[in-house]
**Q** 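Following this message is one structure expressed as structure tokens.
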Amino acid sequence: MQPEIEQKYIYTVTNLNHEIREILRQSFTSIWVEGEISNLMRAASGHLYFTIKDHNSQIRCAMFRRDNRQLKFELENGMLVQLQAYPELYEQRGELQLIVKCVEHAGDGKLQLEFERLKAKLHKEGLFDAALKKEIPRYPLTVGVITSEKGAALRDVISVLAKRFPLIELIVYPTLVQGAQAAVDIRRALETAEQHCEVEVLLLVRGGGSIEDLWAFNDEALARAIVACRLPIVSGIGHEIDFTIADFVCDNRAPTPSAAAEYISPDKDELMQELNTIAKALRTEITRTLKQKSEYITLLETKLAKSHPKHQLQNRAQQLDEIHHRLTAAIKNYLYSHQQQLQNYHNLLLSNTPLKHIAQCSDKLQLHSKALHNASQSALEQSKHNLELIASKLRTLSPMTTLERGYAVVSDQSNRLLRSVKQVKAKQTINIRVADGKFLARVSNTKD
């Protein structure tokens, strides 16, 4: 009796890939993977495709549009990240890949823990207490800005102050705002501003970024320097949702650099409206006072008319005239002084017109252009002179010049130069080159 042949089950490729995919789905739900991004590609559909790798292995990743819309930063090749994903088999190609749901910077978790630790420590020491906060001046005329000279934060501050109150003088203390040396550089700028004592309030500003980008503002030494600074400081770091240790220890925190500039600067239109309101109230009060005094004078005149004390009437009338004169003069002086103050503000605003600065810059441009033209001409003349000197030296050193003075170059039939009579023999044919050509000669004899 022959043994029974075992019936074998044969998978199709589709069935095999499908079963592998189901096994993966049952074995893995959501996992976190850390690695470096490479081969990043954004499809027209909005989906992201890339590879995540370490020094030994790599795996393909896909992040669909509905998920990558939640990203807080742009993915880049070479970026070290942590992915929340689940393994999936792409059945059509039989390729293993990760379906990514969330991406974070690899160092964010540790940095956040360090941030919370330092925040709790400084809060316990009382560095965030309201009693330490210095008062921000209401109408500062000199403002210092500690930020990068090339950053957008400085441009935002300048733009806001120019619109709201152009009378403010802005002094920039340039510094690094990102990187390992940024915290030290910012402390140095704080010390410079405090030593010079030329501003009434400081703005500590920087544009938005990741927690790593803003980490310089979470430096403990910087936080203590801010608290110790005698000048009031307003922070405007990152976006509205960004908080740093510097925000907690500054005297006031604004959500953005532009908001910080708005906080310390009065609005010129609102200020003018306030002054007009005060002037109107003064006129109303003066009119009321004059009316009240006039009624009082009329009452006194009535009383005097009834008693007929002529000599007292004359004295009181003179006193009333003097009082009226002094009151009128005081009112005029009061109005004149406020009108002068308003005129001064108006003149200051006019003196800061951009046309004046444009004219100055135009004059400087013309001077620089003329200087550049003169320098170019001078350099060209010098180059021509140097060229002529070099050409003259070349002419002097040219072998043709030597031949023109009557000398000749002698060589044998193989064009080897002959420098001694020992190199030639009698009846040998030689080449003789002079300035205007060459000819052959035969040696009859030689003599030392």
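Computation of the quantities below employed the complete heavy-atom set of this structure, encompassing side-chain atoms and omitting hydrogens, waters and symmetry-equivalent molecules.
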**Q** Grab the two heavy atoms, one from Ile146 and one from Ala189, that are nearest each other, plus how far apart they are.
**A**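 Looks like CG2-CB, 3.9 Å.
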
**Q** Please tell me whether Gln340 and Asn344 have a donor and an acceptor in their side chains that are separated by less than 3.5 angstrom.
**A**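 The criterion, which ignores hydrogens and geometry beyond distance, is not satisfied for Asn344 and Gln340.
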
**Q** Would you mind listing every side-chain hydrogen bond (donor to acceptor under 3.5 Å, both in side chains) that reaches into residues 360-381, with sequence neighbours excluded?
**A**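 As it turns out, there is no side-chain hydrogen bond (donor to acceptor under 3.5 Å, both in side chains) pair with a partner in residues 360-381 once direct neighbours are skipped.
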
**Q** List the residues meeting ring pair (Phe, Tyr, Trp, His ring centres under 6.0 Å) with Phe64, not counting sequence neighbours, and say none if there are none.
**A**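 Testing Phe64 for ring pair (Phe, Tyr, Trp, His ring centres under 6.0 Å), a comparison that skips the adjacent residues, returns His47.
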
**Q** State whether Arg224 and Glu220 are salt-bridged, where the test is any N-O pair (Lys NZ or Arg NE/NH1/NH2 against Asp/Glu carboxylate O) under 4.0 Å.
**A**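 Yes.
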
**Q** Is Arg188 paired with Glu191 through a side-chain N to carboxylate O contact shorter than 4.0 Å?
**A**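 No, this pair does not count.
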
**Q** Just jot down the ring pair (Phe, Tyr, Trp, His ring centres under 6.0 Å) partners of His18, sequence neighbours excluded, or say none.
**A**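 For His18, no residue satisfies ring pair (Phe, Tyr, Trp, His ring centres under 6.0 Å) once neighbours in sequence are set aside.
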
**Q** If the test is side chain to side chain donor-acceptor pair (under 3.5 Å), which one of Arg60, Gln97, Arg25 qualifies with Glu88?
**A**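 Only one option passes, and that is Arg25.
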
**Q** Only counting residues at least two apart or in another chain, list the ones meeting salt bridge (charged side-chain N to carboxylate O under 4.0 Å, His left out) with Arg283.
**A**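 Listed in chain order: nothing, the list is empty.
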
**Q** Please tabulate, for side-chain N and O atoms in residues 261-268, each donor-acceptor pair with protein atoms closer than 3.5 Å (sequence neighbours left out).
**A**
| from | atom 1 | to | atom 2 | distance (Å) |
| --- | --- | --- | --- | --- |
| Tyr263 | OH | Asn252 | ND2 | 3.0 |
| Ser265 | OG | Arg164 | NE | 2.9 |
| Ser265 | OG | Ala261 | O | 2.7 |
| Asp267 | OD1 | Asp269 | N | 2.8 |
| Asp267 | OD1 | Glu270 | N | 3.3 |
| Lys268 | NZ | Lys163 | O | 2.5 |

**Q** Just jot down the ring pair (Phe, Tyr, Trp, His ring centres under 6.0 Å) partners of His338, sequence neighbours excluded, or say none.
**A**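 Applying ring pair (Phe, Tyr, Trp, His ring centres under 6.0 Å) to His338 gives Tyr334.
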
**Q** May I ask you to check whether over 12 heavy atoms, not counting those of Tyr407, lie within 6.0 Å of atom OH?
**A**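 No, because the 6.0 Å sphere around OH of Tyr407 holds 12 heavy atoms or fewer from other groups.
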
